[in-house]
Number of protein chains: 2
Amino acid sequence: MSETDRLERLIADECGECCESDVAERLESLEAYRDAIPDDAGTDRSALQTLSNETRYDIVYLLSAADRELCVCEINPLVDVSDSAISHALSDLHDAGLVTRRKDGTWRYYETTDRAAELVAALDATRGGE
Amino acid sequence: MSETDRLERLIADECGECCESDVAERLESLEAYRDAIPDDAGTDRSALQTLSNETRYDIVYLLSAADRELCVCEINPLVDVSDSAISHALSDLHDAGLVTRRKDGTWRYYETTDRAAELVAALDATRGGE
DNA sequence: TGAGTAGTTGAGCAACCATTCATATAATGG
DNA sequence: CCATTATATGAATGGTTGCTCAACTACTCA
């Protein structure tokens with residue numbers, strides 16, 4: 001039983017009838033949807049993956065609430081893992097394009113990017129919804 | 001060396017001066033940022049985590065491009081993993097609140113939720129940015 | 001230049017994840 | 001009912017991830 005067999009039955013169920021060309025047509029329009037998958041999907045996915053971790057999620061929400069850049073030493077007391085884990089987290093967030101980094105002497109400041117802000121906004125706008 | 005020592009030095013660096021109460025004040029305002037972390041952060045994170053997987057990300061983009069509900073048998077030929085993996089993926093997406101499910105006889109139809117649509121929009125709006 | 005501080009990096013390990021295969025459920029048509 | 005079809009589920013397993021500890025770099029100031 002091939003994929004197109006199943007499709008054929010689906011179309012017959014939906015439309016009452018189905019000939020070869022109907023299947024081909026449907027398959028073609030389905031395949032067109034694949035073009036909607038972005039070329040740099042990997043970048044998107046790594047942003048999502050990075051944000052899905054508790055430590056990193058919390059840091060982004062903190063930076064977002066602060067609405068200013070925060071020094072690493074300001075973040076440390078707010079998150080309950082080792083300084084090293086926070087440093088790893090910030091580095092991952094930076095790699096994923098979710099925070100910017102600024103150096104000032106020995107201090108290092110981080111701030112959310114637009115991408116992080118948009119994702120946070122999307123989550124906030126749809127919480128408890130549907 | 002405690003956390004507050006470092007904060008004290010930071011504030012001294014920033015403001016030229018720093019007394020005990022400055023540290024306490026800063027710490028208090030920092031701690032207030034924690035309130036911005038949503039109560040159901042876990043739900044958010046599982047949505048992000050679910051969407052970060054290639055198979056599930058692709059399915060959401062396909063559903064989003066289709067702009068209509070798709071039958072499982074329409075999704076199968078578009079994604080290069082086993083039917084079982086797609087079924088798992090759809091089930092995970094459903095659990096994460098990213099797709100709705102509708103039964104019609106033996107066919108099962110899936111469609112994106114608002115939450116998925118908002119996340120996709122956030123990604124689309126910030127791609128290649130900053 | 002050397003002691004001290006802020007933050008980063010890498011290895012290692014336990015926990016978690018994504019896929020597949022095999023099997024199960026549920027609906028449909030003889 | 002029985003066979004068939006569409007999809008779901010569970011266990012197994014190879015791969016990935018996130019934390020901590022220890023070592024490291026980079027900057028400052030005396």
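Throughout, protein chains are lettered first and strands after them, A, B, ... in sequence-line order, and every chain is numbered starting at 1.
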Q | Set of side-chain hydrogen bond (donor to acceptor under 3.5 Å, both in side chains) partners for B/Asp22, sequence neighbours left out | A | none

Q.
Keeping A/Thr112 on the side-chain end and A/Ser64 on the backbone end, is there a donor-acceptor pair under 3.5 Å?
A. no

Q | Heavy-atom closest contact (A/Val99 atom, A/Leu90 atom, distance) | A | CG2-O, 4.0 Å

Q.
Under the side-chain hydrogen bond (donor to acceptor under 3.5 Å, both in side chains) definition, can you give me all pairs with a residue in residues 65-82 of chain A, not counting sequence neighbours?
A. A/Arg68-A/Glu74, A/Glu69-A/Arg102, A/Glu74-B/Arg26

Q | Residues which pass side-chain contact (heavy atoms from CB on, under 4.5 Å) with B/Asp124, listed by chain and number, not counting sequence neighbours | A | B/Tyr61, B/Val120, B/Arg127

**Q.** Side-chain N,O (A/Arg6) to OP1/OP2 (D/dT5) below 4.0 Å
**A.** no

Q. Got a donor-acceptor contact below 3.5 angstrom from the A/Ser52 side chain to the A/Gln49 backbone?
A. yes

Close N or O pairs between protein and nucleotides 24-28 of chain C (under 3.5 Å):
unit_1: C/dA27; atom_1: OP1; unit_2: B/Lys103; atom_2: NZ; d: 3.4

Q) Between B/Arg101 and D/dA8, does any side-chain N or O lie under 4.0 Å from OP1 or OP2? A) yes

**Q.** Protein-nucleotide distance (B/Asp13, atom CG; C/dG4, atom C1'), rounded to Å
**A.** 14 Å

Q. Who passes side-chain contact (heavy atoms from CB on, under 4.5 Å) against A/Arg45, sequence neighbours left out?
A. A/Ala41, B/Glu54, B/Tyr57

Q) Quick one: side-chain contact (heavy atoms from CB on, under 4.5 Å) partners of B/Ala89, sequence neighbours excluded? A) B/Thr55, B/Arg56, B/Ile59

Q) To the nearest 10 degrees, what angle separates the axes at the start and end of the helix from C/dT1-D/dA30 to C/dG30-D/dC1, five pairs each? A) 30°

Q. Taking all atoms of both residues into account, what is the closest heavy-atom pair of B/Cys18 and B/Ala12, and its distance?
A. CB-N, 3.8 Å

Q) With a 4.0 Å cut-off on heavy atoms, is A/Tyr110 in touch with a base, just the backbone sugar-phosphate, or nothing at all? A) sugar-phosphate

Q: Let me know the distance between CG of A/Leu7 and C1' of D/dT7, rounded to the nearest Å.
A: 15 Å

Q | With sequence neighbours excluded, residues passing side-chain contact (heavy atoms from CB on, under 4.5 Å) with A/Ala47 | A | A/Leu98, A/Arg115

Q. Of all of residues 79-96 of chain B, which get a heavy atom below 4.0 angstrom from DNA chain C, listed by number?
A. B/Val81, B/Ser82, B/Ser84, B/Ala85, B/His88

**Q.** Nearest heavy atoms of A/Arg9 and B/Trp107, plus distance in Å
**A.** C-CZ2, 3.9 Å

Q | Minimum-distance pair of heavy atoms, taken over all atoms of A/Leu70 and A/Leu62 | A | CD1-O, 4.4 Å

(Q) Using a strict heavy-atom distance below 4.0 Å, which residues from residues 67-76 of chain A are in contact with DNA chain C? (A) A/Cys71, A/Val72, A/Cys73

Q) Just how far, in rounded Å, is P of C/dC16 from CD of B/Gln49? A) 12 Å

Q | Atom-to-atom span, CZ of A/Arg102 to P of C/dA6 - whole angstrom | A | 17 Å

(Q) Evaluate B/Asp44 against A/Leu51 for side chain to side chain contact (heavy atoms under 4.5 Å, CB included), listing each step before the verdict. (A) CA-CA 9 Å; B/Asp44 285 3; A/Leu51 202 49; over 6 Å; no

Q.
Using a strict heavy-atom distance below 4.0 Å, which residues from residues 50-58 of chain B are in contact with DNA chain C?
A. B/Asn53, B/Thr55, B/Arg56

**Q.** Value in whole Å for how far the P atom of D/dT4 lies from CD of A/Glu8
**A.** 19 Å

Q. Is the backbone N or O of A/Asp83 less than 3.5 Å from a side-chain atom of A/Ser87, with the two atoms forming a donor-acceptor pair by type?
A. no

Q: Can you sort out the partners of A/Thr4 under side-chain hydrogen bond (donor to acceptor under 3.5 Å, both in side chains), two or more places apart, ordered by chain and number?
A: A/Ser2

Q | Non-hydrogen atoms of A/Cys73 and A/Pro77 that approach each other most closely | A | O-CD, 3.1 Å

**Q.** Length of the line joining B/Ile59:CD1 and D/dA8:P, which is rounded to integer Å
**A.** 11 Å

